[in-house]
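Quick note: numbers below take in every heavy atom, side chains included, and nothing from hydrogens, waters or symmetry partners. Both ligands and their constituent atoms are indexed starting at 1 by order of listing.
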Amino acid sequence: MPVGRYAPSPSGDLHVGNLRTAVLAWLFARATGRRFVMRVDDLDRVRPGAAERQLADLAALGLDWDDPVLFQSERLDAYASAVDRLVAEGRTFECFCTRREILEAPTAPHQPPGAYPGTCRDLTDAQRDERRQTRPAAIRLRADVAEWTVADVLHGEVSASVDDLVLRRGDGIPAYNLTVVLDDAHQGVDQVVRGDDLLASAPRQAYLASLLGLPAPEYAHVPLVLNTDGKRLAKRDGAVTLAELAERDVDVLRLIGDSLGLAGDGPADWLAEFDPARLPRAPWVVTPPV
Ligand code: GLU
C-alpha cells in the first residue's frame with residue numbers, strides 16, 4: 001500500500017508553518033488512500049523534549065499516523081552499511097574541505113554557487129594521507145551526472161543540479177540527503193510532501209536513490225510560510241507555536257484551514273474538500289500576534 005510521511009527535525013517546537021506542512025502531508029496521503037507514517041530526524045541539533053512536544057502538537061491538530069514513529073537515531077547501522085556499500089563500489093571520495101573553503105573556491109562550470117567545486121575528488125594517496133592528519137574526512141558521493149529530474153505534483157518536472165553530495169559528515173554523522181533517501185524507502189514512502197525550500201534537493205536525493213537501487217517517490221513541494229518581511233517564518237517572529245498561539249486564543253486549525261481555503265473544522269473534515277489542484281501556490285504570509 002502506498003505511503004506518505006512527515007519528518008520533523010526536533011530542534012525546537014513546530015511553528016504554524018511546519019504544522020501547516022504536516023497537515024498538507026497528511027491530507028495528500030489520506031486523500032489518496034495512503035498510509036501515513038512519522039519519522040523524527042533526530043541525528044543533529046536535538047532539543048531535549050522537542051520530539052515529544054512536536055508529536056503531541058501534531059496529534060492535537062487531529063493528525064494520526066500508522067506504525068510506531070521511526071527515529072533516525074535507531075538507524076545508524078543502516079546508514080553506515082549504505083555508505084560502506086557506496087565506498088566499496090568506488091562511488092565515493094574523502095573530502096577535507098571546510099564549508100568556508102567550499103564557498104570561497106571557484107565553482108565548477110555548470111554548477112550553481114555553493115556547489116561542491118571538486119577540490120578533493122582527485123587527491124593523490126599522499127595528499128590524502130597528509131590531510132587526514134589535520135582533519136577527519138567527510139565522505140562524498142562521486143556524482144556521475146550533473147543534473148537529475150523528478151516529478152512533482154505541484155511543480156511538474158523539476159530538474160536541478162547534482163553535485164558530489166556529502167554522505168557522511170566529517171563528525172561522523174550521516175548526512176540528511178542520505179538518511180532521507182534510505183528512510184523513505186525503508187518506510188515504503190512513495191509520496192513526499194514537504195516545504196518547497198527542499199525542491200532543489202529532490203533531484204539529488206532521487207539520483208542517490210537510483211544508485212542505491214531504490215525507487216524515487218512522487219513529490220509535492222508545498223509553498224513555504226513567510227513572515228511579513230517575506231522571510232521564512234521563525235520563532236523570533238512572535239507567537240508561532242501551537243502553545244503560544246493557543247495562549248493568545250488563536251484558533252490554529254481555523255488559521256490553517258483559512259490559509260488552505262478549507263472550510264471544515266479540522267483535518268478529518270478537510271479530507272472531503274481537499275483538492276491539490278486548488279491549493280494556493282503563493283507563500284502563506286503570517287502576521288503572528290506578539
Ligand atoms: N527533517 C527534515 C526537515 O525538517 C525533513 C525534510 C524532508 O521532509 O525531507 O527539514
Hey, is [X] close enough to [Y] for a salt bridge, meaning N to O under 4.0 Å?
{"X": "Lys231", "Y": "Asp237", "answer": "no"}
{"X": "Arg135", "Y": "Glu130", "answer": "no"}
{"X": "Arg140", "Y": "Glu94", "answer": "no"}
{"X": "Glu244", "Y": "Arg248", "answer": "no"}
{"X": "Asp41", "Y": "Arg39", "answer": "yes"}

Whether the Tyr207 and Asp144 side chains hold a donor-acceptor pair (N or O, under 3.5 Å, no angle test) is what I'd like checked.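 A donor-acceptor contact under 3.5 Å links the two side chains.
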
Side chains of Asp42 and Gln72 only: does a donor on one sit below 3.5 Å from an acceptor on the other? no

Those atoms of ligand 1 less than 4.0 Å from some heavy atom in [X]:
{"X": "Val180", "answer": "9 (O)"}
{"X": "Asp41", "answer": "1 (N), 2 (C), 5 (C)"}
{"X": "Arg194", "answer": "7 (C), 8 (O), 9 (O)"}
{"X": "Tyr176", "answer": "6 (C), 7 (C), 9 (O)"}

Suppose we measure from [atom] to each protein heavy atom; which comes out shortest, and what is that distance?
{"atom": "atom 4 (O) of ligand 1", "value": "Ser9 OG, 3.4 Å"}
{"atom": "atom 10 (O) of ligand 1", "value": "Leu198 CD1, 4.1 Å"}
{"atom": "atom 5 (C) of ligand 1", "value": "Ala7 O, 3.2 Å"}

Min heavy-atom dist Tyr6 to ligand 1 below 4.0 Å: no

Check for me whether Arg5 has a heavy atom closer than 4.0 Å to any atom of ligand 1. yes

